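As structure tokens, the structure follows; a few thoughts come after it.
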Amino acid sequence: MNDMRLTERTVDTTEIKIAARKVQVYYGATHANKDVDVDILDKTVTAFIGPSGCGKSTFLRCLNRMNDTISVCRVEGEILLDSEDIYDKKVDPVQLRAKVGMVFQKPNPFPKSIYDNVAYGPKIHGLTKNKAELDEIVESSLRKAALWNEVKDRLDAPGTGLSGGQQQRLCIARAVATSPEVLLMDEPCSALDPIATAQVEELIDELRENFSVVIVTHSMQQAARVSQRTAFFHLGNLVEFGETGQIFTNPSDPRTESYITGRIG
Amino acid sequence: MTMHATNMGNSLYKTDPLTKRLNAAEARFRIYGMAAVAFGVLALVGLLTSALGTGVSAFRQTFVEIPVMLDAAVLDKSGNRNPEEMAKITTIGYAKVLETAMVAELTERGLLNDRVSAKDAGGLISKEAPAQLRNMVLANPELLGTTVEFRALANGRVDGFFKGRVTMESAALDSNISPAQLELAQKMRELGLLSVSFNWGFITGPDASELRPEAAGLGVAILGSLYMMIFVLVLALPLGVAASIYLEEFAPQNRFTDLIEVNISNLAAVPSIVFGILGLAVFINFGGLPQSSPLVGGLVLTLMTLPTIIIATRAALKAVPPSIKDAALGIGASKTQTVFHHVLPLAMPGILTGAIIGLAQALGETAPLLLIGMVAFVRDYPAAPPEGFLDPAAALPVQVYNFTQRADPAFIERASGAIIVLLVFLLAMNLLAIILRRRFERRW
């Protein structure tokens with residue numbers, strides 16, 4: 001695992017963006033997450049790793065209440081975003097999702113133009129007063145997603161006509177355009193080829209300057225490459241959570257070690 | 001040194017029995033499939049040939065063109081050109097005028113002989129013609145005293161003769177027409193007094209009585225069907241789409257919504273005549289709405305079409321990939337925004353197709369309309385909407401049914417002609433569905 005740049009890693013901040021305490025998630029009778037406690041730091045990339053079905057995606061979807069769309073899903077416990085409980089009755093999930101953006105496993109651009117894809121969020125949230133401001137947001141978002149140079153001449157082209165990697169970066173630009181504070185990524189590279197994956201990973205590292213990023217990944221290499229902190233999930237439990245370097249080089253739990261060395265998974 | 005392995009009796013060049021069986025089964029299935037398709041195509045060809053074969057002639061009509069002297073002494077006895085007083089002269093008076101004109105023209109041309117009486121000569125003209133002449137004169141009394149070139153409908157038997165339906169042999173047995181009259185008609189055609197041309201009256205004119213098939217038209221029926229379609233479109237489409245969106249995107253999953261769902265599916269399968277009974281009981285007997293009106297017809301057809309539209313719309317909404325919904329929700333769009341900005345536009349082609357198919361189904365529906373009185377004989381055009389929605393009207397499919405119920409063989413042609421008009425409308429609607437689907441279709 002030569003590509004693990006463990007030494008380059010620095011955690012600039014210790015400010016807690018999201019704090020989860022004793023989170024339980026049930027899908028009907030299935031107990032998908034058990035007693036999960038996680039602190040997600042601001043301006044940091046946090047990776048969730050673990051074998052399939054371990055509950056890492058489920059937990060990620062709790063952080064912006066996307067689980068609300070599944071009628072059988074029930075969440076207990078406490079998730080604080082900037083010390084406010086996002087599952088409080090007073091919280092409208094729509095407002096929350098503008099603050100906590102999400103990028104999905106499969107690139108899912110709207111069947112609209114590239115411009116409209118990025119402009120949609122700012123439009124519905126009323127972030128701009130005029131077209132010039134909107135143009136500015138679209139450009140800066142596409143720049144942040146490292147896509148501007150490739151698409152600046154064809155903003156009217158359909159977003160669905162881009163390549164897989166470009167589509168995923170377009171989705172990132174779309175998520176970034178509403179100026180969220182946290183960006184959730186659910187296996188953002190699993191549908192991409194290695195070159196597109198490398199581009200997106202590079203992008204994630206840049207996004208860290210402005211956002212707190214949480215990424216779910218199947219690839220331990222990817223977690224090692226992009227994240228500062230890593231959480232290992234197994235059978236719905238959060239087994240271990242700490243500095244990425246420590247998790248990969250000196251895991252304290254035997255299950256983590258078994259997973260990293262390929263014995264379970 | 002390398003050696004090629006030899007196979008032990010199971011060469012790939014030889015088809016084994018299992019593969020043979022599989023291939024035979026596949027070949028058999030292809031034949032069944034082709035037979036099914038061929039049967040369908042044959043049935044369609046048969047249907048079209050039969051409808052077109054008998055119906056196309058309804059669009060052509062025989063007319064008698066003669067100069068008619070509008071004798072003021074006969075048609076306006078008081079001589080003051082007052083249409084109210086002139087209206088006292090009934091069509092019988094005008095029939096005499098037409099007969100006189102016919103005899104005068106034929107005598108001048110030397111066509112009258114002892115085998116054809118004046119009455120026989122007048123009989124070549126439709127019984128509807130005097131009414132048309134009367135309407136013309138009442139609308140424009142200035143014509144009195146002049147001679148006008150009048151284009152009168154020919155009698156249905158004469159029309160049938162030129163379309164091959166009536167022959168000399170059948171005329172010999174027919175009390176309505178004689179071979180001598182047909183010979184006269186033949187000569188008149190050679191002289192240009194009688195011609196066969198396109199029959200606008202069939203499309204625009206009202207229905208006519210049993211005795212004058214040559215005058216029967218579809219105007220009232222087309223208007224009635226149009227009014228009902230307006231109703232169905234305005235009521236069923238918004239109601240159906242709103243119900244589907246609610247059920248598909250917003251409604252909680254519980255026993256009550258399950259029950260509604262089952263009921264909608266069942267309603268789509270309810271025989272249409274049941275909706276007719278419902279309409280009769282609720283709208284006419286209980287609601288007191290007028291019989292035979294496009295309003296009641298439209299309401300009944302709306303009830304009948306709603307399940308079709310709801311089922312099609314829900315299928316279209318379901319077919320929108322959930323990833324698009326996730327994407328919209330994920331950037332903080334509300335549920336309503338997600339539905340109206342993303343789901344609905346993507347479902348639009350499917351919704352429109354469903355709606356137009358439902359509409360086409362409603363256009364061709366006969367049974368429920370029979371029960372709410374649209375089977376009545378209606379000769380007056382309904383007024384312009386909105387008052388016209390309450391006027392009695394006919395409907396295209398019911399008109400077909402009415403034509404087939406009548407004794408005169410000329411109505412067979414009319415019925416098939418009406419079927420052609422109905423098919424043209426249905427074809428146009430399906431074409432519209434295809435065009436709309438193409439236009440709204442977006443790929444993802």
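All of these numbers come straight from a predicted model, not from anything done at the bench. The chains referred to below are lettered A, B, ... by the order of the sequence lines, with proteins before strands, and numbering in each begins at 1.
Residues of residues 328-336 of chain B that come closer than 4.5 Å to chain A, counting heavy atoms only, are A328(B), L329(B), G330(B), I331(B), G332(B), A333(B), S334(B), ordered by residue number. Inspection of non-hydrogen atoms places V94(A), R97(A), A98(A), V100(A), G101(A), M102(A), F104(A) of residues 88-107 of chain A under 4.5 Å from chain B.
Proximity to chain B is absent for every atom of S71(A), based on heavy atoms less than 4.5 angstrom apart. Proximity to chain B (any heavy atom under 4.5 Å) is shown, for R174(A), by both the backbone and the side chain. For Q253(B), no part sits under 4.5 Å from any heavy atom of chain A, backbone or side chain.
Within a 6.0 Å radius of CG in L12(B), no more than 12 heavy atoms belonging to other residues, nucleotides or ligands are found. Within 6.0 Å of CZ in F286(B) there are 12 or fewer heavy atoms belonging to other residues, nucleotides or ligands. Within a 6.0 Å sphere centred on CD of E133(A), other residues, nucleotides and ligands contribute more than 12 heavy atoms.
Interatomic distance, CD of Q337(B) versus NE2 of H125(A), reported as 7.5 Å (0.5 Å rounding).
Centroid-to-centroid, the aromatic rings of H341(B) and Y120(A) come within less than 6.0 Å.
Across D326(B) and R61(A), no two heavy atoms sit closer than the pair OD2-NH1, 4.3 Å.
Judged by distance alone, the side chain of N108(A) and the main-chain N or O of I324(B) form no donor-acceptor pair under 3.5 Å.
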